[in-house]
Each structure stands twice: as C-alpha cells, then as structure tokens.
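The sequence lines fix the lettering, A, B, ..., with proteins before strands; numbering per chain opens at 1. Hydrogens, waters and symmetry mates are skipped; everything else that's a heavy atom, side chains included, is used.
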Amino acid sequence: MEVVIASSSDDAGIGCWDLRTGAEKLRYKTCASPPHGLVSVGGRFLASSQLREPSASSGSVLFWSWSKPQPEVKSFPAEPIKPLAANSLGTYIVGGGSSGNIYLWEVATGRLLKKWKAHLRGVTCLVFSEDDSLLISGSEDGCIRVWSLFRIFDDVQSQQASHLYEHSITEHSLPVTDIVTGYGGCNAILVSASKDRTCKVWSLSEGRLLRNIVFPSEIDVIALDPGEHVFYAGSRDGNIYIVALHAESKPSKVFGMHIIGLLSDHSKPVTCLAYSKEGNSLLSGSEDGMVKVWDLKTQNIIRMFRHAKGPVNNILIVKPQSSPNLSKRHGSLLPPPLEKYANSSDKETDNKAVIALQATISSTPEPFYYSSQLINDHIKELQQQGSAAAEIDVERLKLDCKRSMQMLQQWKKMYDNLHEFCVDELLDGHQVPGSEGNSA
Amino acid sequence: MVRSKAPSKKQQKRGIDFKKIKRKLGRKLPPPQNATNTEIKSKAIVLPEQSVAAEKTGLAVSRKGLTLKELLQQTSHHNSKVRRDALMGIKDLFVKHPAELKSHLYVVIGKLRERISDDDKLVREALYQLFKSVIFPGCNQDYEGPLISLMMAYIFCAMTNFSIEVRLMAFRFFDLVVQYYPGCFFSYAEKVLQNYEDILRQNKFYVEDKGKLKNALAGLVHCLSLLTSNKQEREKAIAEKKVLHAYELDAPTGVSISIDRLKELVQVLIGCFQEFIPLFNSTTELDAQSFHCILSILQSIDISMEFLICSILKETPQSKFLQVPDPTMLDQTFSSVLLKKLLGVFPLNPKYHLFGKEDDRFFVLNILISKTFLHLREWINPPASLFENYLEFIVNALLGKICSDTISGRAIWEKHLPSLLPFIPELVLEVAGDWQPRLLEAFTQTFKLCSPDSSLKLSCLSAVEKMLIPRGDTLDLDANDPVVVDYQISWIRELPILLILLGDKHPTSSQVVLRLILKVGQFACSISSRAIEYENIQYSIMEFFGTFQGGNICYGPFTKLPRDCQELSLSCVYYFSNINLDLLRSIASCFLCPELEPFLFFRSIEVLQSAYKAGHIQISDQLSFLITLVTRFNVDMESFRTFQTFKSLTCIVFSCLESMGDGSLILQMVEELILEQILLNLPIVNACAMLRVICKLDSKPTILSEKSIINLSNFLPAYLINVAQVSISFVYIDPDFCLTE
C-alpha cells in the first residue's frame with residue numbers, strides 16, 4: 001500500500017492519503033517543515049525538521065510513529081536544521097544546518113556520530129546516492145558537494161587530505177534548490193536545480209558537467225523518471241517542465257533546449273514533486289496547498305488532494321512498515337531523540353559498523369548496520385543481566401534446558417528398553433524356528 | 001629521304017649516254033618510275049603528351065589548358081621547371097574546379113607525395129604552397145585517416161633524406177599536416193620527435209642557416225604545444241555533446257610519448273641552446289633569426305618539461321595525496337644538466353648594452369626561462385641564491401622595470417608577462433621573509449596599472465581569484481596574515497572600479513570580473529573582513545546599474561552588456577547580505593531604460609524576491625521597490641508590447657506581494673505610499689495598476705483609513721473621466737473596487 005505524505009511550511013500538519021483509493025488517513029499534527037525537511041526513516045516512522053526563527057539557538061526535529069498523530073519524540077539539535085535525509089534502511093539521519101554544518105546521527109541510539117563543516121552558507125538540500133554510499137549536499141552559495149561516508153569516518157585520511165569532499169561543484173551562481181541522483185553506480189548522474197534558472201546534469205563519479213538546461217523560470221524542485229529518459233522540473237511559474245535526458249529531443253523554440261514538454265495546471269509555483277512507480281504517476285504540490293496526481297502517459301490530472309491553505313513543500317510516497325521490535329525496550333516504538341552534541345566519551349570508542357542478524361528469514365536479505373557501540377551496549381546489558389526480561393528469559397531457558405534433558409533421558413531409556421526388547425525378540429524368534437527345524 | 005634520291009639519279013645517268021634532257025623551268029619533274037613511295041599513311045596518331053588539339057571539352061583544364069592527368073604526369077618530369085609549372089597548374093585547376101579535388105583526392109595525393117623529397121627547392125616550395133592553400137583547406141575531416149597515412153610514409157622518408165634542406169622541408173610538411181589534423185600528431189609523435197632530435201644533433205648547420213632552423217623549431221613548438229592543449233579541448237567538446245553517456249574509447253589518445261624520449265629531446269635542445277650562448281657575449285646585436293631560434297628552443301623545453309611533469313605525476317598515483325612533489329622522481333643527472341646548463345645561466349644579459357630593442361628581446365627570453373624554472377622549482381631543489389635571482393627578476397618584471405619605456409616595449413611587457421602570473425599565487429604562499437610583501441606589492445602594482453581590457457588584466461584576475469579563493473571553493477586559510485589580507489582587500493576594492501572602467505565595450509572581460517565578484521560573494525564568510533569588503537562593493541557597483549545626477553538618470557554599462565553579464569551581476573546583488581535602498585534605487589532606475597529587455601525585469605524581480613526571502617532586504621525596502629516599479633514603468637501607449645510587458649510585470653508584483661505575507665498587513669504598510677503616488681498624477685495605466693494593487697490586497701470590509709478613502713474619492717472621478725476620455729479598450733476598472741468604495 002503506497003501512501004502519499006505531504007507537509008507544509010504553515011503549521012498545517014502532515015497530510016496522509018492512500019494513493020490508490022484517495023482516502024485520507026491520519027493527519028499528523030504540529031509540523032511546519034522547510035523544503036526537503038520531511039523524511040520517512042526506513043519506512044518505520046516519519047521525521048521532520050521544523051522551521052525556526054532565524055534567531056533560535058537550537059533547531060528542532062520531530063518524529064511521528066505511523067499510528068499516533070502527536071509527535072512522539074522531539075529532539076533539539078545545536079542549530080536550526082533545514083534539509084533532512086535518511087538512508088534507505090533508516091539507519092542514519094543526516095541533517096543540514098543553517099550555518100553550513102552537516103550532522104549525522106545514528107537512528108537506533110540517537111548518537112551524533114559526526115558533525116562537519118560542509119559549506120560556507122546554509123545547506124539547502126541533502127540526498128543520498130542510490131547505494132547510500134555517497135551523500136550529496138547543496139548550499140545557499142550555489143555549491144554542490146559530494147561526500148563519501150566512508151571517507152568522512154576515515155580520520156587518518158581526512159587529516160592528510162586538504163578536503164573531505166569527493167567533488168565540489170561551484171557552477172551555479174545562485175542557491176541550489178534541489179538535487180536528485182540517478183541509478184547505475186559509477187555511471188549515475190546527478191541533476192541539480194538552482195535559483196539561477198538552470199538545471200545541470202553531472203556525472204556523479206567524476207563531477208563533470210554533462211548538460212546545462214536553461215529554463216524560463218526558477219526551478220524549485222526536480223523528479224527523475226526511473227528510466228532516466230526524462231526528468232520533471234517544477235518551476236516558479238507553475239509549470240512542470242519535462243526535460244529530456246536520454247530521450248530524443250529536438251531543439252524547441254518554445255521553451256528552450258532539451259525541454260520537450262510541460263504539465264501545466266497549477267496557478268502557483270510548484271514546490272515539490274514525487275514520482276510513483278505504481279501507475280507511472282507524478283505527484284506535484286504547489287503553493288496553493290493542493291497536491292495533484294498526474295498520469296504521465298496521458299498527462300492528465302487523475303486525482304487531487306487538498307492539504308492546507310499554505311504552500312505544500314514536501315511530498316513523500318512511502319510504504320509504511322511496522323517498526324522492528326528492537327526499540328520496544330524504551331516503551332515506545334520510536335528510537336530515542338537525536339543528541340545535541342557528540343558525546344565526548346564516545347571519542348575513544350571506534351565507529352565500526354556491525355552487521356546485525358536478521359530478525360526473520362523471510363525479511364529482506366539486506367543486513368542492518370549498527371555501530372559497534374550499540375552492539376556493545378546490548379552485550380553489556382546481557383552480561384550484567386541488568387534487564388529483568390533477559391533474566392527471566394535465561395531462567396526460562398534454563399528450565400527448558402533442564403526439562404529437555406530429563407525428556408532426553410527418558411527417551412533414551414525408552415529407546416534402550418525397546419532396543420533390548422527387539423534384540424531379545426529377534427534372538428528368540430531365530431531360536432524358535434531353529435529349534436523347530438532341529439526338531440523337524 | 002632526299003639523299004636517297006640523289007644516288008639513284010646518278011646511276012640512271014650513267015646508263016644513258018649524255019642524252020640531254022630539256023627541262024622547262026617551273027615545271028615539275030615527273031616522278032621516276034622506280035621511285036619508292038615514301039609516304040606513310042595511318043589512320044590516327046595518338047600522342048597523349050603533346051597533343052594540343054586533343055579533345056578536352058568537358059574536362060577540367062588549367063589556365064594553360066592541361067588536364068589533371070597531364071599535369072600529374074608532368075610532376076615527375078625530369079626538368080624541374082616543368083615540375084614546378086605542373087604543380088602551379090594543379091593549384092590553378094583546383095582553385096577553378098574544387099569538385100575535381102574531391103573526386104581525385106587519393107590519386108592526386110598519391111602522385112604528389114613523391115615530390116616531398118624533391119631535389120629542387122622551388123618545386124618543394126610550390127608543393128608546400130599547393131598543399132597549404134588548396135588541398136588541405138579543400139578536403140574535410142572524413143578523408144583524414146587514409147590521407148595522412150598516404151602522406152606520412154613519404155614525409156618520414158624525406159625526414160631521413162641525405163640533404164638537410166629536404167629534411168627541414170619535411171618538418172615543415174609535417175607541421176602543415178598537424179595544423180590541419182592535430183589528432184594525427186599523437187600517433188606519430190614518437191617517430192617525429194626522434195627525427196627532430198637527429199636533425200638538432202647536427203650542429204654544423206645551425207650556425208649557418210638559422211632561417212631554416214627557425215622554421216623547423218617553430219614546427220616543434222607547435223607540435224609540443226598540442227601535448228598540453230589537447231586536454232582542455234576535449235573537455236569542451238564533451239560539454240557540447242548531445243547524449244549523456246557516449247561510448248568513449250578507454251585508450252588514452254594523448255600520451256604515446258615515453259618520458260625517456262622527451263628527456264633526450266630536452267637534452268638535445270639544451271645542447272642547441274648552449275651553441276647560442278656565445279652570441280650573448282659578442283659585440284654585435286642579437287639578430288632576429290637567432291632570437292627566434294632561441295625563443296623556440298626555450299619554448300620547446302618549457303612545454304616538454306611541463307608535459308613531463310604531468311606524465312610523471314600521472315604515473316605515480318600516490319603523488320596525488322602528497323602536497324610536495326618528490327625531487328627523486330625526476331632523474332638526478334637529468335635535473336642537474338637542466339640546472340647547470342639552462343636554469344643556471346639565468347638571467348641572460350647582453351654583455352655590451354646597445355639599445356632598447358635588445359632589452360625587450362632578452363626580457364622575453366628571461367621570462368621563458370623563469371617560466372621553466374617555476375615549473376621545475378619543486379623538482380630540482382634549486383640553490384637559494386638562484387631562487388632569489390629569479391624572484392628578483394619576477395618582481396622587477398612585474399613592476400615593468402626591465403622593459404624599455406617605448407610603446408613596443410610596453411606591448412611586449414603586456415604580451416609576455418601573463419605567462420608568469422599563474423605561478424604568483426603559489427609563490428606568494430611559499431616564499432619566505434620579505435619576499436612575500438615585495439611580490440604582493442609588485443603584483444598589485446601590475447594589477448592596477450595594466451590596461452583594463454588587456455590579456456594581462458585577465459591573467460591578473462585569474463591569479464587574484466586563485467589567491468582569494470584557493471582550491472576554487474574554500475576560504476583562504478592564510479587570511480590571518482594581516483599583510484595578505486590588506487592586499488586582498490585592495491584587490492577586492494579594485495574589482496568594481498575595473499568593472500565600471502570596462503564599460504560595455506568588452507563584454508568578455510566584464511564577464512570575468514563579474515564572475516570573480518560573484519565568487520567573492522559566494523565564498524565570503526559572514527564575519528570575515530572580506531565579507532565586509534564585499535558589502536562595500538554595493539556602494540561602488542551602483543554606478544554599474546545607473547545613477548541619478550541632478551534629476552537625470554545616468555545609465556551604467558548594465559543596460560548594454562549581453563544577457564549573461566546582466567544575469568551574473570544580478571546574482572552578485574543576491575549575495576549582499578544587506579542590500580541598501582540606494583542600490584535598489586539604482587537597479588530600479590535601470591528599468592526606465594527603454595532598451596532593456598522585459599526578460600530582465602522579471603529576472604531581477606525574481607532575484608530580489610529571493611534575496612528578500614533570504615533576509616537580505618528589509619521588507620519596507622522591498623515593498624517600495626515593487627511599488628516603484630509599478631508606478632514608474634513607462635508604458636508607451638502606442639506599442640502594444642510594452643503594455644503587455646507592463647501587464648505581466650504587475651502580475652509578478654502581485655504574486656510577490658502575496659507571497660510576502662497577509663494582504664491586509666501588507667496594505668497597511670504600503671497604503672500611504674500608494675496613495676501618495678496615485679495623487680501625483682500618474683499616467684492612467686500606472687494609476688490603474690496601483691488601484692488594482694489596492695483591490696488585490698484589500699479585504700471586505702475595507703481596511704483603508706478614512707483619510708485615504710477621502711483622498712481616493714477625490715481622485716477617482718477625475719481618473720474615471722480620464723479613462724473615458726482616452727477610451728482605451730483594455731483599461732478597465734475592477735468592479736470590485738467600486739463595491740468596496
């Protein structure tokens with residue numbers, strides 16, 4: 001079941017609709033999110049950064065579980081966080097601060113694993129690459145940087161090298177508004193949109209400009225077709241431009257190079273887009289508070305959701321999952337809040353990742369990653385038998401074991417008896433015919 | 001035939017005894033009966049070579065009436081004059097009939113290539129001219145492969161010819177081929193360089209024949225320069241590509257030259273250079289030809305060393321992480337030769353000072369040696385005294401002390417100095433002691449003094465960019481050093497002045513300056529002194545947009561520059577963290593310029609609106625900017641287009657006002673301003689737009705104050721009458737407005 005989720009910069013909550021039936025579901029309350037500030041963490045729960053006064057000393061990130069409308073976990077990072085991103089499994093949350101710092105938290109413990117100065121001005125968007133190994137950030141000064149998570153945690157190399165990033169792209173002259181990445185490992189492309197009225201296509205591995213597309217208006221948001229034939233660009237003039245990537249395009253005089261068509265119905269600027277593989281449809285949100293679903297084949301609107309009076313600025317399409325039972329110990333389904341500062345005592349401990357065992361065989365074959373710290377905590381807890389539940393479990397297991405042993409003894413006894421009986425029978429049976437023969 | 005007749009007559013006479021035969025004068029003797037008929041009869045005689053009367057209609061012929069086939073045959077004539085004439089004829093023919101060339105290209109080349117190693121000088125020259133002026137320009141890229149392989153075999157043959165003349169000419173031919181098909185150099189590079197090496201080893205001739213050597217060396221310089229330029233061109237080609245992921249050959253097209261080959265070549269070149277050293281000490285003037293020879297030698301050394309270092313770096317991937325190159329990577333004996341024989345003789349100075357022109361020539365040579373030195377500096381560990389020699393020279397060169405004061409000296413200074421400037425940022429970081437301020441001072445002098453549109457200014461700008469924003473994207477970490485910061489600030493201050501000086505005549509230079517200003521804005525940290533400097537730019541950049549002088553608007557270069565410059569300058573405006581009212585006023589004044597495209601109105605409103613959203617403009621300033629646009633826009637009632645522009649302008653202003661917040665609050669803020677403007681007797685169209693603004697923002701019931709309603713009611717009757725009077729169909733009054741009234 002795919003669910004459409006939309007949030008707004010007004011305090012209008014998070015709207016939630018079933019994409020197929022159009023039925024409105026639970027509305028999550030108290031959320032005023034900045035653009036790119038809403039994220040579903042591994043499909044387990046929703047997280048959103050909150051708009052704050054520019055003078056606010058700390059930011060705010062809220063978590064909602066699928067079942068409750070109130071935010072359950074509130075965390076207050078050291079500075080206002082604008083864009084948020086989570087990797088596809090929901091192990092990490094990354095947030096971009098308004099001073100240009102990027103924060104990386106581990107979801108399961110809420111620990112701030114790393115904080116680094118990424119840009120000179122505020123971060124405007126954050127995206128993980130398809131395989132979650134690279135993080136791409138865009139900033140208000142028009143700079144795009146590609147970070148390798150591996151290198152960020154490699155302290156030795158980061159001290160030696162003059163910079164942490166893989167690529168730094170400074171072609172945009174005005175703030176970057178959106179970034180999407182394509183598929184295909186080292187051949188993946190990166191599309192960036194900026195307020196300078198252009199979208200640029202880059203090769204992710206080389207950081208090389210592949211294409212520059214000039215639009216008639218500012219582009220606030222882009223969405224990529226999964227086949228990478230085209231991408232969709234939502235602009236300030238209310239149109240959604242269809243731009244050829246691998247598709248054939250004739251130079252069009254109406255819109256400009258590479259722009260092959262447009263979807264036009266919003267009267268207000270288009271602020272967010274999302275592509276749904278189910279039914280090949282595109283969802284667009286605009287400043288008039290409407291979310292429209294476009295059938296891309298016919299280019300018609302097939303459904304509309306009314307979210308709020310204010311501008312919609314985030315749309316997600318998610319398949320909610322029930323959260324795995326690892327966090328039951330906290331009494332809530334959600335992990336603890338994100339820490340404000342990196343814990344100094346953590347510095348000695350290494351940030352190794354540990355592959356956790358799968359809960360069930362039927363679940364996805366991808367392993368879960370946790371930091372070794374988390375696993376160590378679990379082990380320590382078990383060793384100290386600090387948890388009553390674990391103690392009971394052990395007791396029960398011991399009892400079980402004892403009972404099994406007794407059973408085993410019993411079975412063995414029975415088996416021995418049976419065996420003896422059979423041997424006797426055979427021997428007796430042999431003797432009887434033999435004796436019979438002899439007698440005959 | 002005549003002779004054979006006579007003896008037969010005599011024999012007849014003998015047979016007849018003195019019989020006198022009377023003959024009448026004027027009558028022909030009948031032929032003797034036994035005479036042999038010597039007439040030869042044939043049906044046709046075919047003389048293909050000399051037939052003047054051959055059938056040539058329909059065939060392309062040269063001025064002398066010869067066909068291509070005939071001409072080609074004549075090119076292998078034993079007489080050199082005929083050969084030359086034939087080549088001229090071919091040229092003539094192809095000029096007249098360009099289609100002939102395409103259809104017979106391979107035949108022609110196949111025949112002509114034999115002449116590359118021709119003995120006669122004039123024939124070779126004619127052939128060269130033929131290739132240069134007709135054949136290569138005439139055939140396009142499709143023929144490249146076969147054509148080159150046809151030529152190359154003979155060129156290489158000629159390069160190893162016994163006669164030096166032929167060999168030198170062969171290099172010229174090769175150079176010609178490379179000029180038209182640069183790609184082919186890489187497939188033959190190894191062999192060609194080997195040949196160059198061989199010829200340069202024969203040092204007997206260069207003292208005698210410098211003119212020839214000059215040509216050959218110029219070819220070498222051209223070939224070597226392909227090695228370094230190749231990369232950038234390829235990148236440019238990629239950016240213009242149509243498909244995103246094109247199939248690319250994995251094999252590198254560029255580097256097929258081994259490092260050893262280049263080293264050998266450099267050593268030979270140094271040997272050549274040594275030959276010329278005695279000239280500096282002689283009393284005579286350094287003549288033009290030897291000067292050009294030395295120049296080419298030095299250029300070749302410089303380029304090959306640059307390439308050598310690049311390829312060494314490429315071969316050792318771990319060097320990417322090393323900040324300082326390892327001197328051991330360059331062969332020790334090789335570097336000591338370089339140091340002793342080339343870099344050590346610096347600076348070159350005439351022993352007997354003669355006059356100014358000499359100075360400039362030596363200046364050019366010294367610049368080249370310094371360039372090579374700066375390339376190699378980290379690889380050869382030069383002694384400190386030598387390094388200081390170079391620094392001294394660089395500082396003096398920057399200050400312009402070395403060149404003569406004449407106009408030509410000035411021109412040479414501006415032309416050759418840019419090659420040193422890319423090294424300045426590096427040097428500034430590394431030199432110790434008082435050299436740093438001296439260098440910075442000298443550089444700043446150069447930067448300020450050179451003429452705004454020269455190439456020197458451009459390379460100064462790129463050096464400034466490197467020093468302000470090292471590594472292209474981060475702040476200068478060295479900014480704590482007060483000396484450096486002072487100079488940095490002075491460069492930043494220079495930028496807007498330069499921009500205004502450039503005016504609208506040099507769009508490319510203006511673009512570079514604007515891009516630099518933009519980068520400074522993008523990467524200026526919010527608290528650093530440079531950020532403050534950037535803020536100050538907005539006062540000096542106002543002139544760029546437009547200024548008010550005694551009530552008249554004086555448009556700056558902004559209105560006349562091409563669109564990308566205009567967009568860049570608007571982007572610069574975005575990054576001022578606190579845009580003041582004066583700057584907004586001067587931008588608004590630009591809109592009054594009738595030449596400005598409507599696109600720019602919309603673009604600048606868009607940029608300023610985003611600047612407002614980012615908190616760079618105060619709300620009252622932004623409001624008054626928007627209102628000013630609507631009230632002051634000149635609508636030419638005659639032209640429908642300006643009216644359309646005005647209409648969309650008001651639409652955009654509406655949407656901006658709406659997105660700024662609650663309508664009634666906004667109205668409270670602008671109410672007074674609007675009414676003040678309306679009562680100023682605006683043109684009807686503008687007044688209408690103002691009324692529409694009020695309608696749009698106002699709610700029902702009206703929140704307008706008593707006073708403004710009274711004012712409006714005074715104004716409206718006259719306005720309505722005016723509207724009726726003009727009776728323009730497209731001006732209408734919102735019925736809603738009357739209701740609110």
Side-chain angles (χ1 to χ4, degrees), chain A residues 54 99-100 117 119-122 139-145 157 160-163 165 167-170 172-175 177 182 184 187-189 194-198 201-203 206 208-212 214 216-218 228 236-238 244-246 248-249 251 257-258 267-269 287 311, chain B residues 235-236 238-246 320-323 469-475 477 514-515 517-528 531 563-564 567-575 577 599 602-603 605-607 609-611 613-616 648 651-652 655-656 658-659:
Chain A
S99 71
K117 181 84 182 162
H119 291 280
L120 294 166
R121 286 167 191 259
S139 123
E140 273 172 22
D141 56 16
C143 182
I144 299 166
R145 283 179 180 172
Q157 227 189 56
Q160 274 185 354
S162 50
H163 52 78
Y165 52 80
H167 304 296
S168 176
I169 299 165
T170 56
H172 283 297
S173 58
L174 286 178
T177 51
N187 275 330
I189 54 165
S194 157
K195 286 195 178 170
D196 61 8
R197 285 192 170 186
T198 63
V201 183
W202 310 87
S203 116
E206 294 166 63
R208 200 183 59 195
L209 180 66
L210 297 175
R211 187 170 289 175
N212 183 24
V214 183
S217 178
E218 276 178 23
E228 292 183 14
R236 296 240 109 215
D237 59 9
L245 281 173
H246 291 303
E248 202 171 302
S249 72
M257 268 292 267
H258 301 298
S267 54
K268 291 288 185 67
E287 276 193 359
Chain B
E235 271 171 15
K236 203 187 278 173
I238 285 165
E240 288 162 3
K241 217 165 44 171
K242 277 203 163 176
V243 279
L244 281 182
H245 297 292
K320 216 190 284 177
F321 299 106
L322 293 174
Q323 297 290 327
I469 311 154
R471 290 203 298 274
D473 53 359
T474 40
L475 279 172
L477 300 172
L514 280 168
R515 203 164 284 260
I517 295 180
L518 177 66
K519 282 223 162 147
V520 172
Q522 277 177 318
F523 300 121
C525 203
S526 51
I527 39 166
S528 73
R563 187 188 275 192
D564 46 351
E567 283 197 55
L568 269 176
S569 58
L570 287 174
S571 305
C572 291
V573 170
Y574 175 86
Y575 288 103
S577 68
F599 165 82
F602 308 140
R603 182 75 193 128
I605 295 173
E606 222 172 61
V607 171
Q609 185 69 12
S610 357
K613 275 187 184 163
H616 299 171
S648 29
C651 281
I652 289 172
S655 69
C656 283
E658 269 183 2
S659 70

Exercise for the section: Determine the minimum heavy-atom distance between B/Lys519 and A/Thr170, stating which atoms define it. Expected result: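 Between these two residues, the closest heavy atoms are NZ-OG1, 4.2 Å.
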Exercise for the section: Please report the closest heavy-atom contact between B/Gly521 and A/Arg121, naming both atoms and the distance. Expected result: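 The answer is O-NH2, 2.8 Å.
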How long is the straight-line distance from [atom2] of [Y] back to [atom1] of [X], given to the nearest 0.5 Å?
X: B/Glu606; Y: A/Arg197; atom1: CD; atom2: CZ; answer: 4.0 Å
X: B/Leu518; Y: A/Leu174; atom1: CG; atom2: CG; answer: 7.5 Å
X: A/Ser217; Y: B/Arg603; atom1: OG; atom2: CZ; answer: 8.5 Å
X: A/Glu218; Y: B/Gln609; atom1: CD; atom2: CD; answer: 9.5 Å

Exercise for the section: Pick one of side chain, backbone, both or neither for A/Pro175, based on which atoms fall under 4.5 Å of a heavy atom in chain B. Expected result: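 Its backbone and side chain both get close to chain B.
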Exercise for the section: Specify which of B/Phe602, B/Tyr575, B/Tyr574 makes the most heavy-atom pairs with chain A at under 4.5 Å. Expected result: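 Maximum pair count with chain A is reached by B/Tyr575.
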Problem - Whether B/Gln522 side chain and A/Cys143 backbone form a donor-acceptor pair below 3.5 Å - result: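 Side chain of B/Gln522 to backbone of A/Cys143: no pair is present.
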Practice task
Please flag which part of B/Arg515 lies under 4.5 Å from any non-hydrogen atom of chain A: side chain, backbone, both or neither.
Solution key: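 It is neither, since no heavy atom gets under 4.5 Å.
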Exercise for the section: Report the C-alpha distance between A/Arg236 and B/Ser655 in whole Å, list the side-chain angles of each, state the deciding distance to 0.1 Å, and finish with yes or no for side chain to side chain contact (heavy atoms under 4.5 Å, CB included). Expected result: CA-CA 11 Å; A/Arg236 296 240 109 215; B/Ser655 69; over 6 Å; no
